[in-house]
Amino acid sequence: MASGENEDSFAYTQRTVKRMDTCKILAVEDTDFARQFLSLSLRNEKCERYSAKNGAECLDMLAADQTFSFILMDIETPVITGLEACRVIRETFLPPASKIPIIAVTAHHQQEYQEQLLAQGFDQCLIKPYKKDDLLAIIDKFRPKESAYDLSMLRDWASGDEHMIEELITVFVKDAPHKLTMLREACTSRDWTEVRNIAHSFAPQLSFVGLEESYNETSKIETLAAENIGTELIAPLLSHVESQCGSAIDALRKDFKL
């Protein structure tokens, strides 16, 4: 092959694509004190902060801007409650808005109540009164991380055959969102056998395209589902896999012009 021939095509099969997005927080709180407490708690954090006074304002803001990293949702807000706003986001919005992590902010300490919130679409609970460290832990978990794909394993398997690589990437980009939707639906309905089966079949695909963190988390979901462990542990793992895969799929579509 002459020097430079298919150079760009060969380069992207080896490249690790990384991207760091801005952390944007939408906080839904109906009191001035709660909004000010949040603002002061995050004063030294590198993130953009937005606030809504109730679930209705939250829905309007999300309809206009779907790039929030996550939502801190007070459960008992006027006009539209946080619980109802979460239901609307999950059931009527399209991705990526419908997949945004939503953290329930509640004063209820009962484990059963928290499990009900997780089953109704929330990704985690933050219990009032919370400490600043509790809030920072939430931010650290859901802050956008570097997302990457690495096709070195695929390149070795295909022995440099660009057509084979592109064919498999095309299948992955088409199939992965469907697998994630099925996984989310099975998790929501608490069908742990289905969760386990989907995670088992999906995890190797993630490893093949170099999404090792997502592979490890999906394998963990499989293990938890096999042990009939509920959404409290599975939901945050699944949200992170969805976020990581979404970024990687966008990058793959762009690089392979799909």
Side-chain angles (χ1 to χ4, degrees), residues 21-43 45-110 113-132 134-145 180-181 184-185 187-188 231-232 235-243 246-247:
D21 295 321
T22 300
C23 183
K24 294 177 62 175
I25 303 171
L26 174 56
V28 185
E29 287 282 3
D30 63 343
T31 68
D32 292 336
F33 181 87
R35 289 191 295 273
Q36 185 66 8
F37 179 82
L38 177 67
S39 179
L40 292 174
S41 297
L42 301 179
R43 182 168 51 186
E45 295 298 308
K46 294 182 179 179
C47 56
E48 297 179 18
R49 303 179 299 277
Y50 300 82
S51 63
K53 296 180 180 179
N54 53 60
E57 287 189 6
C58 170
L59 295 176
D60 288 342
M61 293 178 69
L62 189 57
D65 182 358
Q66 302 187 4
T67 63
F68 294 106
S69 302
F70 61 89
I71 300 172
L72 290 169
M73 184 81 76
D74 185 27
I75 297 300
E76 299 177 3
T77 61
V79 186
I80 293 180
T81 66
L83 186 63
E84 177 64 11
C86 179
R87 185 194 66 78
V88 172
I89 291 169
R90 296 296 188 231
E91 295 182 3
T92 67
F93 279 70
L94 297 175
S98 63
K99 303 298 183 183
I100 291 177
I102 307 176
I103 292 82
V105 183
T106 175
H108 294 283
H109 291 257
Q110 296 89 342
Y113 180 75
Q114 294 175 41
E115 290 179 353
Q116 291 175 359
L117 291 176
L118 295 174
Q120 294 180 72
F122 289 93
D123 294 275
Q124 191 165 325
C125 296
L126 181 62
I127 308 303
K128 294 180 178 180
Y130 57 83
K131 298 178 181 178
K132 181 179 178 180
D134 297 331
L135 177 61
L136 296 182
I138 292 284
I139 292 172
D140 184 61
K141 177 177 289 189
F142 293 101
R143 183 193 301 273
K145 304 294 193 304
L180 288 168
T181 298
R184 172 62 70 179
E185 291 175 349
C187 184
T188 300
T231 55
E232 182 178 0
L237 288 171
L238 179 53
S239 293
H240 194 241
V241 171
E242 289 170 332
S243 176
S247 296

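Everything quoted here is computed from the prediction, not taken from an experiment.
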(Q) With side chain to side chain contact (heavy atoms under 4.5 Å, CB included) as the criterion, how do R143 and F70 come out once you've worked through the C-alpha distance, each side chain's angles and the decisive distance to 0.1 Å? (A) CA-CA 8 Å; R143 183 193 301 273; F70 61 89; 5.7 Å; no
Q. Hey, does L40 have a side-chain heavy atom less than 4.5 Å from the side chain of Q36?
A. yes
Q: With sequence neighbours excluded, tell me which residues meet ring-ring contact (aromatic ring centres under 6.0 Å, His included) with Y113.
A: H108
Q) Do the non-hydrogen side-chain atoms of L72 and I102 ever get within less than 4.5 Å of each other? A) no
Q. When rounded to the nearest 0.5 angstrom, what is the spacing between CD in E242 and OG in S247?
A. 12.0 Å
Q) Is the shortest heavy-atom distance from the side chain of L26 to the side chain of I100 under 4.5 Å? A) no
Q) Which residues satisfy the salt bridge (Lys or Arg N to Asp or Glu O under 4.0 Å) test with E57, sequence neighbours excluded? A) none
Q) Under the side-chain contact (heavy atoms from CB on, under 4.5 Å) test, which residues partner Q120, sequence neighbours left out? A) L83, Q116
Q: Report the distance from atom CD of Q66 to atom NZ of K99, rounding to the nearest 0.5 Å.
A: 13.0 Å
Q) Less than 4.5 Å apart, any side-chain heavy atom of Y130 and any of V105? A) yes
Q. Under a 4.5 Å cut-off applied to non-hydrogen side-chain atoms, are E48 and F68 in contact?
A. no
Q: Can you measure from NZ (K24) to OG (S69) and round to the nearest 0.5 angstrom?
A: 8.0 Å
Q. Do V88 and F93 come close enough that some side-chain heavy atom pair is under 4.5 Å?
A. yes
**Q.** Value rounded to 0.5 Å, distance of CG in D65 from CG in L62
**A.** 8.0 Å
Q | Euclidean distance, T106 OG1 relative to L117 CG, rounded to 0.5 Å | A | 6.0 Å
Q) Could you walk me through whether K131 and L135 pass the side chain to side chain contact (heavy atoms under 4.5 Å, CB included) check? A) CA-CA 7 Å; K131 298 178 181 178; L135 177 61; over 6 Å; no
Q.
Are the side chains of L126 and D134 in contact, using a 4.5 Å heavy-atom criterion?
A. yes
Q.
Testing the basics here: between G82 and M73, what is the closest heavy-atom pair and its distance to 0.1 Å?
A. CA-CG, 3.5 Å
Q: For D60, enumerate each residue passing the salt bridge (Lys or Arg N to Asp or Glu O under 4.0 Å) test, keeping only those at least two apart in sequence or located in another chain.
A: none
(Q) Test of understanding: with side chain to side chain donor-acceptor pair (under 3.5 Å), list the residues that count as partners of R35, not counting sequence neighbours. (A) D32
(Q) I'd like to know whether I139 forms a side chain to side chain contact (heavy atoms under 4.5 Å, CB included) with L42, so could you lay out the CA-CA distance, the side-chain angles of the two residues, the decisive distance to 0.1 Å, and finally the verdict. (A) CA-CA 10 Å; I139 292 172; L42 301 179; 3.0 Å; yes
**Q.** Residue pairs passing the side-chain hydrogen bond (donor to acceptor under 3.5 Å, both in side chains) test where at least one lies in residues 78-91, sequence neighbours excluded
**A.** E84-R87, R87-E91, R90-D123
**Q.** Test: K53 and E29 ion pair at under 4.0 Å
**A.** no
Q | Non-hydrogen atoms of T77 and G55 that approach each other most closely | A | OG1-N, 3.4 Å
Q) Roughly how far, to the nearest 0.5 Å, is OG of S39 from CD1 of I25? A) 10.5 Å
Q | Closest approach of A85 to L59 (non-hydrogen atoms, all atoms of both residues) | A | O-CD2, 3.8 Å
Q: State whether a side-chain donor-acceptor pair under 3.5 Å links S239 with R184.
A: yes
Q) Do the side chains of I103 and I71 get nearer than 4.5 Å, heavy atoms only? A) no
Q: Of all the heavy-atom pairs spanning I80 and A56, show the shortest one and how long it is.
A: CB-N, 3.6 Å
